[in-house]
Structures are given as structure tokens and as C-alpha cells.
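Step one of this worksheet: look at the structure below.
Model, not experiment: these values are computed from the prediction.
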Amino acid sequence: MTDHGRRLDLLRTAIAAAGGQAYVVPLTDEHGSEYVIGYARRLEWLTGFTGSQGWAAVTGERAAIFVDGRYIVQAEREVDRGRIEVIPGGGDAVAPWLAANAVGQQPVLFDPWLHDCGWVDRATNALAAAGIALVPAPNLIDTIWTDRPAPPAAPAVPHPLRFAGREASAKRAQMAAEVASAGADALVLTALDSIAWLLNIRGTDLGETPVVRSFLLLRSNASAMLFVDPGKINDAMRDHLGSDVECAPYGTLATRLGEMGTTRVMIDPDRCPAAVRAALGTARIIAAVDPCLTPRAIKNPVEIAGMRRAHQADGIAVVRFLIWLESAARSGDLDEIAAADRLDALRRKDGLCRGLSAATISAAGANAALPHYLAKPGAAALLRPGSVYLFDGGGQYLDGTTDITRTVAIGDPGPALRRDFTLALKAHLAIATLRFPAGTTGGQLDPLARQPLWRAGLDYPTGTGHGLGSYLAIHEGPAFFGKPGGTRAVDAPLRTDMVMTIEPGIYRVGQHGVRTENAYRVVPATGEGGAAGWHAFEPLTMAPIDRRLIDTALLDAEERAWIDRYHAAVVAALADALNPPERAWLEKTCAPLD
């Protein structure tokens with residue numbers, strides 16, 4: 001029996017001892033984080049699945065893992081399919097599966113700190129229809145994971161005004177006004193990036209996302225209480241927070257909320273753990289979207305300048321990596337991990353880089369067909385001539401966060417690869433070249449990217465793009481290019497100075513994957529078609545697109561012109577920072593299309 005098989009058996013024993021018939025294990029932590037570390041990687045510990053989205057449900061006889069289209073193939077590879085079914089779908093697919101597989105009247109158990117209020121309400125209703133109760137319980141994984149890592153203990157640090165661009169006190173005043181206007185006395189924030197943005201603090205508590213493990217209670221008078229491990233707050237942080245922000249131990253949130261009586265408290269039910277709602281007891285709950293989401297997404301002038309510099313620094317690292325890759329890949333002995341290590345090291349040479357924005361996806365050949373593939377030591381593929389190599393990731397710079405994907409030809413890619421790459425590039429350009437009216441949402445634009453592929457009978461299982469933080473999360477709401485019903489909001493209007501990525505792709509399982517990803521600033525449209533209230537996209541990512549993979553016969557005149565303009569902008573932005581041989585390589589690589 002595998003370790004994961006033994007763990008499933010241990011969990012089933014714990015479920016029975018707790019009086020339940022099933023238990024639900026989500027991937028996330030107490031803050032609804034997309035990426036989790038060490039102590040919170042309960043789903044991976046139980047099943048072996050290493051993706052960034054997933055849920056498991058375990059009954060006395062069966063177990064299933066629920067993942068979206070990005071991770072179907074990966075989950076099938078990573079879990080013991082003799083013991084765990086792989087089912088397409090997100091969290092809302094769990095309750096119907098449990099209802100269909102119920103074998104008694106005992107309740108389904110869940111940890112209320114790991115499930116948001118919205119999920120709990122929907123799952124409660126779905127299970128009630130089958131006569132089954134959904135009941136909160138202590139985390140059962142934690143009772144059987146005997147060597148579980150401790151939560152991170154590194155200190156929090158101030159995020160200086162020269163990078164943040166706006167004082168934390170001004171942000172608190174703005175959010176407090178939103179709380180008051182909603183008729184609330186206080187706001188509970190549990191999302192780590194919202195708290196980091198609001199207080200101008202950063203940390204190392206979530207791996208590549210520079211946040212601090214904490215909760216925040218913001219009052220309508222702009223004072224606040226930060227619930228955080230006391231060891232994270234030194235004198236510098238205390239001075240930074242100021243007298244209007246009180247600190248309390250991380251684990252005391254529920255107790256403090258229980259003392260609020262009939263206070264009117266705002267929570268975001270789609271982001272707030274159900275345990276918070278329960279702890280509020282007799283308080284009057286006001287449900288509203290996290291008011292930090294849109295102000296955080298609209299970058300101020302200092303943040304825009306920082307994002308531009310960070311993307312140029314990242315572009316320099318990418319150019320130097322591509323130059324190295326041309327020679328390093330010729331032998332056929334270069335593997336995915338060695339390639340990623342080289343790119344990561346080049347990024348870290350910039351003085352403001354504090355690490356990666358996500359673990360680098362470094363995928364050769366057929367592995368590139370897995371949108372979120374991560375190479376593993378001992379199983380990394382070689383970059384073989386006649387194939388493609390895809391890398392995706394970015395850096396966390398003090399002045400901005402980057403995210404880029406490039407697909408690179410290793411030798412002669414052949415016509416089939418060129419066609420797929422060019423079709424995916426056309427999908428990218430379908431949005432990148434747009435002018436669109438104010439109030440347009442990412443969900444409305446998403447089908448435009450898919451049309452070039454739909455015409456060819458193709459589609460992709462991922463979103464088309466996402467918001468990008470400023471030295472914060474690589475995936476940031478509220479705007480998102482994607483189909484309705486996804487895991488992120490798709491109905492938020494795109495606003496001036498939001499930063500978005502565009503990244504459609506084609507993924508042929510067992511063959512190859514291709515994707516081009518750039519980050520863009522949303523700007524007012526200018527020139528012809530630039531009437532007041534219209535928007536367009538300004539590229540921030542500055543790195544070459546592999547012209548060897550472009551089938552120019554598939555491009556129209558506007559697409560060709562955009563690519564040539566973009567490559568000219570890349571040369572203008574990066575050339576002065578490169579030495580003469582590097583500059584010559586860049587100019588040749590970015591020459592106009594034939």
C-alpha cells in the first residue's frame with residue numbers, strides 16, 4: 001500500500017471516530033489562498049496532487065478529487081487512481097458527488113476555516129436534498145498528519161511608500177468610508193493580499209506571494225486590529241502600522257469576533273471562511289464584495305511606473321536566457337529543471353528582485369500540453385530538437401510583479417507546431433489589439449480570444465488571462481478573462497490602470513502545448529476609434545516572441561503590424577541595458593516579419 005493509501009485509511013478512521021460518513025478536503029488555507037505552503041498542503045499530503053486548484057471528498061468506501069480542466073491530466077498522473085477517482089469540476093461538484101455516494105445518515109464533515117460561506121451554503125442545500133447534514137468539525141487531516149510543518153515564522157516588513165505610492169492611512173480611510181456607506185461598523189478581511197495592500201506590509205508567509213499570515217478587523221473610523229503572530233511584529237513594523245492599528249495574536253480572531261454583540265459587520269461571503277461568520281454570533285452581518293479588490297487592482301502612478309520598470313528588468317533576464325538557451329539546447333542534454341534554474345538565477349540578479357512570482361513552469365515537448373506543469377527532480381524531460389519548450393513565470397520585484405510565457409522552437413518545429421502556435425498567437429492578439437467601451441468585463445472579451453481557435457475546432461481548458469498584483473499575487477481579482485462559472489470573478493469591468501495578462505494556448509495531450517503570455521496595462525484608447533470612455537491595452541511585458549514559430553500566412557495585416565510594432569518597442573525598451581552582442585541578437589530576433 002502506498003503512503004497515500006495509508007493516509008486515506010487513517011482519515012476514514014478519523015471520520016468514523018468523529019461521527020461522520022465523509023470529509024471534504026480543499027486545497028486552500030484559512031485565507032482562501034490559491035497557492036499554499038508547507039503546513040497547509042493538506043490535499044497534496046492526502047492524495048499526492050500538487051496543482052493549485054482542487055478538492056477531495058472521502059467516504060468510508062470511496063474517494064474522489066475534483067479539479068478543473070487545467071489539471072485533469074496532471075491529477076490522473078499524480079494520484080492513485082485505484083483508490084481516488086479524478087472528476088472534472090470545482091468545489092461545487094463535491095456536494096452532488098457526496099449526495100450520490102451517501103451510504104447512511106451520518107453527516108458530511110468539513111473544517112469551517114477552509115471553506116468560504118458561499119460554498120458552505122451551496123453545499124448545505126445540495127446535501128439537504130439528499131437528507132444529509134453538512135457539519136463543521138476540527139480539521140481531521142491535522143489529527144493524523146503527525147509531522148505536519150509549522151506555520152511560517154518570518155517577520156513582516158513595511159512596504160515603502162516609494163513602491164506603494166500611497167500611504168496606508170489613506171487606504172484605511174478610503175476603505176473605512178466604504179464600510180460606513182454600506183451601513184456597517186466594521187469589516188473582516190481574511191484575504192492576505194487585501195491585508196498586505198491595505199496596510200502596506202509584505203512578508204514571506206505564502207511562498208512566492210509576499211504576504212503576511214494574518215486577519216484584519218477594520219472599523220468604520222479607520223482604526224484596525226491586525227491578528228498576527230506577535231513574533232512577526234518588530235519595532236519597525238510597529239512604527240509603520242502606527243497607533244491606529246492594534247495587534248492581537250493570530251489565533252484570537254474568533255474570540256474577539258464573538259465579543260462584538262450586535263455590531264454590524266461586513267464580510268465577503270465568497271472569500272470569508274465560514275468559521276468567521278459563525279464566530280460573529282449575534283452580530284448583524286452585511287454581505288458585500290471585499291472593498292479592497294478594485295482599488296488594489298487599479299494601480300496608482302507610482303505602481304504603474306514600478307510595473308513598467310519591473311517588466312523591463314524581467315525582459316532583460318528573459319533575453320539573456322533565450323540567448324543562452326539557443327546554444328545550451330543544441331546538444332539535446334538540457335533538461336527542464338536546469339533551464340528553469342538558469343532563468344530563475346538571471347531574474348534574481350536584478351537589485352529589486354526578491355524571488356519568483358510563481359514556481360517556473362518549464363515544460364519540454366509533450367509536457368507543455370499540461371498548462372500548469374512543474375518538472376520534478378529525477379523526472380525532468382530533455383529539450384529535444386524538433387520540439388518546443390514552454391516557460392511560464394515571473395519575478396517578485398519590490399516595484400512590481402511579472403508573469404510571462406514564451407514558447408520557443410528547439411530546432412525546426414515543423415508546420416503543425418507553427419500552425420498551432422500561430423493560431424494561439426492570433427487568439428492573444430484578438431484581445432491585445434482591441435478597443436473596447438468602458439464597463440466591458442473580462443467575461444465579455446473572453447470569447448473574442450477563443451474565436452480564432454473555435455474556427456479551427458479547438459479550445460483551451462484555462463482562462464484567457466488574469467489581473468496582476470504590484471509586488472503581490474500573480475493572480476489578482478476582480479477582473480479576469482474567462483468563461484462564466486470559473487473559480488474567479490469574470491464580471492468585473494476593466495478599468496484604467498488595471499494590469500492584466502493575456503494567455504490563450506493550445507494543448508494537445510501527449511504532443512505539445514503552445515502559449516504566449518504578456519502583461520498589459522488598461523489605458524484610455526487614443527487615435528482613431530479612441531472616443532472618450534473607450535479603453536485599450538498597452539504592453540508591459542518586453543520580450544521577443546519566437547518568429548520561427550509564426551506562420552505568417554495565417555496572419556492578417558493588422559496582426560503582422562502589431563507584432564512588428566511590439567518587437568520594435570521591445571528593442572527600444574531593452575537595448576541600452578544589453579551589451580553589444582546581446583543587443584545584436586535582440587535586434588535580429590525582433591526584426592520585422594518577412
Side-chain angles (χ1 to χ4, degrees), residues 304-329 342-343 346-347 349-353 388-395 397 399-400 402-409 413 418 421-422 424-426 428-429 431-433 468 499-503 514-521 523 526-527 536-552 555-594:
I304 289 295
M307 291 290 268
R308 186 173 288 113
R309 192 219 69 89
H311 281 84
Q312 290 180 354
D314 206 67
I316 292 165
V318 169
V319 165
R320 289 176 172 153
F321 172 71
L322 291 172
I323 293 171
W324 170 84
L325 187 67
E326 273 195 1
S327 59
R342 178 73 175 200
L343 176 57
L346 288 167
R347 282 192 165 111
K349 287 186 176 182
D350 183 79
L352 297 185
C353 184
V388 291
Y389 169 66
L390 182 151
F391 63 92
D392 178 357
Y397 302 85
D399 52 355
T402 68
D403 188 12
I404 176 177
T405 304
R406 288 295 183 266
T407 308
V408 184
R418 286 193 183 93
F421 179 85
T422 308
L425 181 59
K426 287 172 71 69
H428 181 115
L429 296 178
I431 292 186
T433 59
L468 192 59
V499 175
M500 305 292 298
T501 70
I502 301 174
E503 50 181 301
V514 293
R515 179 168 71 249
T516 298
E517 177 185 16
N518 278 359
Y520 294 87
R521 173 191 176 194
V523 297
T526 59
F537 294 108
E538 173 189 271
L540 290 174
T541 301
M542 290 286 128
I545 297 167
D546 194 340
R547 292 162 61 251
R548 298 169 297 177
L549 282 166
I550 299 175
D551 182 347
T552 56
L555 300 177
D556 62 31
E558 182 182 6
E559 292 165 338
R560 291 173 62 104
W562 187 97
I563 293 168
D564 287 345
R565 286 196 308 273
Y566 175 72
H567 276 151
V570 169
V571 173
L574 305 184
D576 289 347
L578 302 174
N579 63 36
E582 292 168 340
R583 190 179 308 125
W585 179 93
L586 181 64
E587 290 171 348
K588 179 181 178 182
T589 301
C590 292
L593 294 172
D594 298 329

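At least one side-chain heavy atom of Arg309 sits less than 4.5 Å from a side-chain heavy atom of Leu352. Using a 4.5 Å heavy-atom cutoff, the side chains of Pro539 and Trp562 are in contact. Arg347 is listed as a side-chain neighbour of Asp314, based on a closest heavy-atom distance under 4.5 Å. Residues Asn518 and Leu540 are not in side-chain contact: their nearest non-hydrogen atoms beyond the backbone lie 4.5 Å or more apart. Put simply, the side chain of Asp564 reaches to within 4.5 Å of the side chain of Leu593, judged on heavy atoms. In this structure the side chain of Leu325 reaches within 4.5 angstrom of the side chain of Val408, judged on heavy atoms. Residues Glu582 and Arg320 have side chains in contact (heavy-atom distance under 4.5 Å, counting atoms from C-beta outward). Under the 4.5 Å side-chain criterion, counting only non-hydrogen atoms from C-beta, Phe421 is in contact with Thr516.
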| request: Quick one: do Leu346 and Val318 satisfy side-chain contact (heavy atoms from CB on, under 4.5 Å)? Show the steps, please. | output: CA-CA 8 Å; Leu346 288 167; Val318 169; over 6 Å; no
| task | Show your reasoning for whether side-chain contact (heavy atoms from CB on, under 4.5 Å) applies to Leu429 and Ile563. | result | CA-CA 9 Å; Leu429 296 178; Ile563 293 168; 4.1 Å; yes
| task | Kindly determine whether His428 and Tyr520 satisfy ring pair (Phe, Tyr, Trp, His ring centres under 6.0 Å), including the steps that lead there. | result | CA-CA 12 Å; His428 181 115; Tyr520 294 87; 5.7 Å; yes
| request: Dump the intermediate steps for side-chain contact (heavy atoms from CB on, under 4.5 Å) on Val570 and Leu586, then the final yes or no. | output: CA-CA 9 Å; Val570 169; Leu586 181 64; 4.1 Å; yes
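In this structure, CZ on Arg565 lies 9.0 Å from OG1 on Thr433, to the nearest 0.5 angstrom. Atom CD1 of residue Ile404 and atom CD of residue Glu517 lie 8.0 Å apart, to the nearest 0.5 angstrom. One finds the OG1 atom of Thr407 at 10.0 Å from the CD1 atom of Ile545 (value rounded to the nearest 0.5 Å). One distance of note links CG of Leu578 with CH2 of Trp585; it measures 9.5 Å at 0.5 Å rounding. Going from atom CZ of Arg521 over to atom CZ of Phe537 covers 13.0 Å, rounded to the nearest 0.5 Å.
Within the structure, every pair that satisfies the side chain to side chain donor-acceptor pair (under 3.5 Å) test and touches residues 536-549, not counting sequence neighbours, is listed here: Arg308-Glu538, Asp546-Arg548.
The closest donor-acceptor contact from the side chain of Glu587 to the backbone of Ala584 lies at 3.5 Å or more, if one exists at all. A donor-acceptor pair is defined here as one N or O able to donate and one able to accept, closer than 3.5 Å; such a pair exists between the side chain of Thr422 and the backbone of Asp551. With Arg406 contributing its side chain and Ala543 its backbone, the two residues share a donor-acceptor pair below 3.5 Å. Judged by distance alone, the side chain of Thr405 and the main-chain N or O of Arg515 form no donor-acceptor pair under 3.5 Å. Under a 3.5 Å cut-off, the side chain of Arg583 and the backbone N or O of Ala575 do form a donor-acceptor pair. Of the possible polar contacts, none joining the His567 side chain to the Pro544 backbone as a donor-acceptor pair under 3.5 Å is found. With hydrogens and angles disregarded, no donor-acceptor distance shorter than 3.5 Å links the side chain of Asp350 to the backbone of Tyr397.
Counting heavy atoms of neighbouring residues, nucleotides and ligands inside a 6.0 Å radius, atom CG of Asn579 exceeds 12 of them. Taking a 6.0 Å sphere around CG of Asp594, one finds it holds 12 or fewer heavy atoms contributed by other residues, nucleotides or ligands.
Contact between Ala519 and Leu468 at its shortest, heavy atoms only, is CB-CD2, 3.9 Å. Of all the heavy atoms in His311 and Met307, the pair that sits closest is ND1-O, 2.7 Å. The shortest heavy-atom contact between Val571 and Cys590 is CG2-CB, 3.6 Å. Taking both residues in full, the closest heavy atoms of Ala310 and Asp399 are given as CB-OD1, 3.7 Å, listed atom of the first, atom of the second, then distance. Closest approach of Ala317 to Leu343, counting heavy atoms only: O-CD1, 4.3 Å. Val514 and Ala424 make their closest contact through CG2-CB, 4.1 Å (heavy atoms, listed as atom of the first residue, atom of the second, distance).
Phe321 pairs by the ring pair (Phe, Tyr, Trp, His ring centres under 6.0 Å) definition with Trp324, Phe391, not counting sequence neighbours.
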